[in-house]
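Structure record follows, encoded as structure tokens.
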Amino acid sequence: MTSWRIWSGRWAAVLAGAALAVAPAAARACDGEDEADDHESAEAPQGRDKLQDESSRQAFVKSVEKMGSDEERSRALVTLMADAPISEATGAAILDAASRMQSDRALGRVLSFFHEIQESDLVRGPLAQKYLDAASRLKAPEALARALVQQLHPEAIPDPAVARALELTQRVTTDEGVAKVLREVTDHQNITADVETRVRALAERIHDGDLKERALQRLERAKGGDRHSLFHREFRLPRFAFRFGDEGRAVPPVPPMASVPPVPPMPPMAPVPPLPPMAPMAPLPPAPPAPPSAGVPVPRDGEVTINGRTHTLTPEERETIRESARKIREQARQMQEQIRDQMREMRRRLRDDLHRRGEREDIDGNDFDIDLDLND
């Protein structure tokens, strides 16, 4: 388990239990619901040391099933998961009790809290199938998709559980819900031949062409082992389990601000008189020639300066330089002709394309001309 999960279960639960034990009336007022006395005692089980053994936890789960409403049973099971260590047997009993709930909200709260406790690996390992069996009791497609996404993220689960999750995804009716489940499969699960077949079949049910294409692209990248490419995974913050009562409690609305009087409009500014015309400036005198640098000789006609030393060119060297300059100018002319030919071809293709689409053909051929100064 990662370090942040150490904070996610036990310590937050101790604080929650202490708050409920000291001020149960305040806790009930925050929930905004009328709680029965037996529900209050179940949310804060007396003697947490007694819940350290398996028999006490099993007896507590059985007593929870005697409560009247699904909301009460859900809150009590969440409190048990927060206060006591959850073994495989305890987790199985909690899932069995939760699967008998008729309320999607109550069942979804229990399933979601399984991923927040320190022992969340249970529902991704030995209790994966039992978790999915409980999730199959959810009636709303959105609630089912949410439970499947939480199960498939962020670690791999056994391959049979992945196949079972994809089978339950057939009950999800929205394109967004199916796409979210498929994204978690291709991001984190093993892509076997059976999983690939099921993913492709579910992707074909997506009506949105963009979502379908991205789902199939993620599948191909996952098969190739590229699960970290751009636009493939979304950045997600870890989920913390600092719960102090109902995790779905609504935030109170912000009171409206006091009315502020409108700002009066600014008076119009006086017109600015135009500036008088400026007198024409006298032309600047020509700049004098720059004096030669001290110690650096200026080469005359037929001479060159190399590393501060002046050399007189022989007639053969002058002819060689002239021939080199001639070749450079010839190559520049050839490049100019090639560029012009390419521009003419581009102009022709562009005109044909505009004509084919019925658009304007206001292309001036002179815009593509190029002029290079190749004089001697």
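No experiment lies behind these values; they were computed from the predicted model shown.
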Is there a path of hydrophobic side-chain contacts, each under 4.5 Å between heavy atoms, that joins L216 and V185?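 L216 does not cluster with V185.
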Is I86 linked to L51 within one hydrophobic cluster, defined over Ile, Leu, Val, Met, Phe, Trp and Tyr using a side-chain heavy-atom separation of less than 4.5 Å?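 I86 and L51: one cluster.
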Short N-O contact, [X] and [Y], less than 4.0 angstrom:
X    : Y    : result
D353 : R349 : no
D96  : K130 : yes
E330 : K327 : no
R200 : E196 : yes

Which distance, rounded to the nearest 0.5 Å, do you find between the [atom1] of [X] and the [atom2] of [Y]?
X    : Y    : atom1 : atom2 : answer
S112 : L107 : OG    : CG    : 11.0 Å
R329 : S324 : CZ    : OG    : 10.5 Å
L77  : T90  : CG    : OG1   : 11.5 Å
L219 : Q217 : CG    : CD    : 11.0 Å
L350 : M346 : CG    : CE    : 8.0 Å
S99  : L111 : OG    : CG    : 9.5 Å

What I'd like to find out is whether the side chain of [X] reaches to under 4.5 Å of the side chain of [Y], using heavy atoms alone.
X    : Y    : answer
M81  : V110 : yes
I191 : V199 : no
L166 : L182 : yes
R57  : P85  : yes
R214 : D210 : yes
Y131 : H115 : yes
V162 : T192 : no
M101 : R137 : no

For [Y], does its backbone N or O pair with a side-chain atom of [X] as donor and acceptor, under 3.5 Å?
X    : Y    : value
S74  : D70  : no
E119 : S87  : no
Q189 : E155 : yes
R171 : S136 : yes
R73  : M67  : yes
D175 : D208 : yes

Quick check: closest heavy atoms across [X] and [Y], and the distance to 0.1 Å?
X    : Y    : value
L80  : V61  : CD2-CG2, 3.7 Å
A147 : L138 : CB-CD1, 3.9 Å
Q58  : A93  : OE1-CB, 3.4 Å
D194 : A163 : OD2-CB, 3.7 Å
L132 : A161 : CD1-O, 3.2 Å
T186 : R218 : OG1-CB, 3.5 Å

How far apart are the C-alpha atoms of R340 and R344, what are their side-chain angles, what is the distance that settles it, and do they pass the side-chain contact (heavy atoms from CB on, under 4.5 Å) test? CA-CA 6 Å; R340 286 176 175 172; R344 294 190 189 98; 3.8 Å; yes
Any donor-acceptor pair under 3.5 Å linking the side-chain atoms of [Y] with those of [X]?
X    : Y    : answer
Q338 : Q342 : no
T174 : E142 : no
S55  : D53  : yes

More than 12 heavy atoms from other groups under 6.0 Å of NZ on K139: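 Yes, enclosed.
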So among Q170, K212, E167, which one has a side chain to side chain contact (heavy atoms under 4.5 Å, CB included) with L202?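 With L202 as partner, Q170, K212, E167 yield a single side chain to side chain contact (heavy atoms under 4.5 Å, CB included), made by Q170.
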Identified salt bridge (charged side-chain N to carboxylate O under 4.0 Å, His left out) counterpart of R109 within the set E116, E72, E71: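 Of E116, E72, E71, salt bridge (charged side-chain N to carboxylate O under 4.0 Å, His left out) with R109 is met by E71 alone.
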